[in-house]
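So the structure is just underneath, and the comments pick up after that.
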Amino acid sequence: QVQLVESGGGLVQAGGSLRLSCAASGRTLSSYAMGWFRQAPGKEREFVASINRSGTVTYYTDSVKGRFTISRDNAENTVYLQTNSLKPEDTAVYYCAAIPQSTFISFSEATMRDSTRYDYWGQGTQVTVSS
């Protein structure tokens, strides 16, 4: 079992940047595909970005393409979400999540976007973007 802890959230003005981190403990993160999701008040949790276990395949929701970048450092057991050009509509609690992924299995984009496929979740970090 892996435990996930997010950090790096905060209050930022529109146009600013934040780097979110997701640190894992308990198991090596290199055995998991990872995703970032977010949930705004009164809205459902939505997919933001994902990355496969080796870091070679990434997916993004359309609204963050060109602004957000997901990456991972398996040696540090950490996944990152660099958020640039932030907008007020990016305000939400951001969660990282993990899916066990064997070496010979590739997940489709549809799978990576589906929150029900993720086995482990962090507690979330708040991102607030002021206009």
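FYI, side chains are in, hydrogens and waters are out, and symmetry mates aren't considered; it's all heavy atoms of this structure.
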[X] side chain vs [Y] backbone, donor-acceptor pair below 3.5 Å:
| X | Y | answer |
| --- | --- | --- |
| Gln82 | Thr69 | no |
| Thr125 | Gly9 | yes |
| Arg67 | Ser63 | yes |
| Arg53 | Ser30 | yes |
| Glu6 | Gly124 | yes |

Between Phe37 and Trp121, how do the two ring planes meet: parallel, tilted or perpendicular, split at 30° and 60°?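 The arrangement is tilted - the two ring planes meet at 30° to 60°.
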Steps toward side-chain contact (heavy atoms from CB on, under 4.5 Å) verdict (Val127, Leu20): CA-CA 9 Å; Val127 172; Leu20 308 185; 4.0 Å; yes
Indicate whether the side chain of [X] and that of [Y] have a donor and an acceptor atom separated by less than 3.5 Å.
| X | Y | value |
| --- | --- | --- |
| Ser108 | Thr111 | yes |
| Asn74 | Glu76 | no |
| Asn84 | Ser17 | yes |

Sequence neighbours left out, cut at 3.5 Å: what donor-acceptor pairs do the side chains of residues 39-51 make with other protein atoms?
unit_1: Gln39; atom_1: NE2; unit_2: Lys43; atom_2: O; d: 3.1
unit_1: Glu46; atom_1: OE2; unit_2: Arg38; atom_2: NE; d: 2.6
unit_1: Glu46; atom_1: OE2; unit_2: Arg38; atom_2: NH2; d: 3.1

Does Lys87 pair with Asp90 as a salt bridge, N-O distance under 4.0 Å?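 Judged by the 4.0 Å cut-off on N to carboxylate O distance, Lys87 and Asp90 do not form a salt bridge.
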Side-chain contact test, heavy atoms from C-beta onward, threshold under 4.5 Å: evaluate it for Val79 versus Trp36 and give yes or no.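 Side-chain contact under 4.5 Å: yes.
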Same cluster or not: are Tyr120 and Tyr80 linked, directly or through other Ile, Leu, Val, Met, Phe, Trp or Tyr residues, by side-chain heavy atoms under 4.5 angstrom apart?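 Cluster IDs for Tyr120 and Tyr80 differ.
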Please check if Leu29 and Ile70 belong to a single hydrophobic cluster, counting links between Ile, Leu, Val, Met, Phe, Trp and Tyr side chain heavy atoms closer than 4.5 Å.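 Leu29 clusters together with Ile70.
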Holding to side-chain contact (heavy atoms from CB on, under 4.5 Å), I want the full list of residues that pass it with Thr56, two or more places apart in sequence or in another chain.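 Testing Thr56 for side-chain contact (heavy atoms from CB on, under 4.5 Å), a comparison that skips the adjacent residues, returns Asn52, Ser54.
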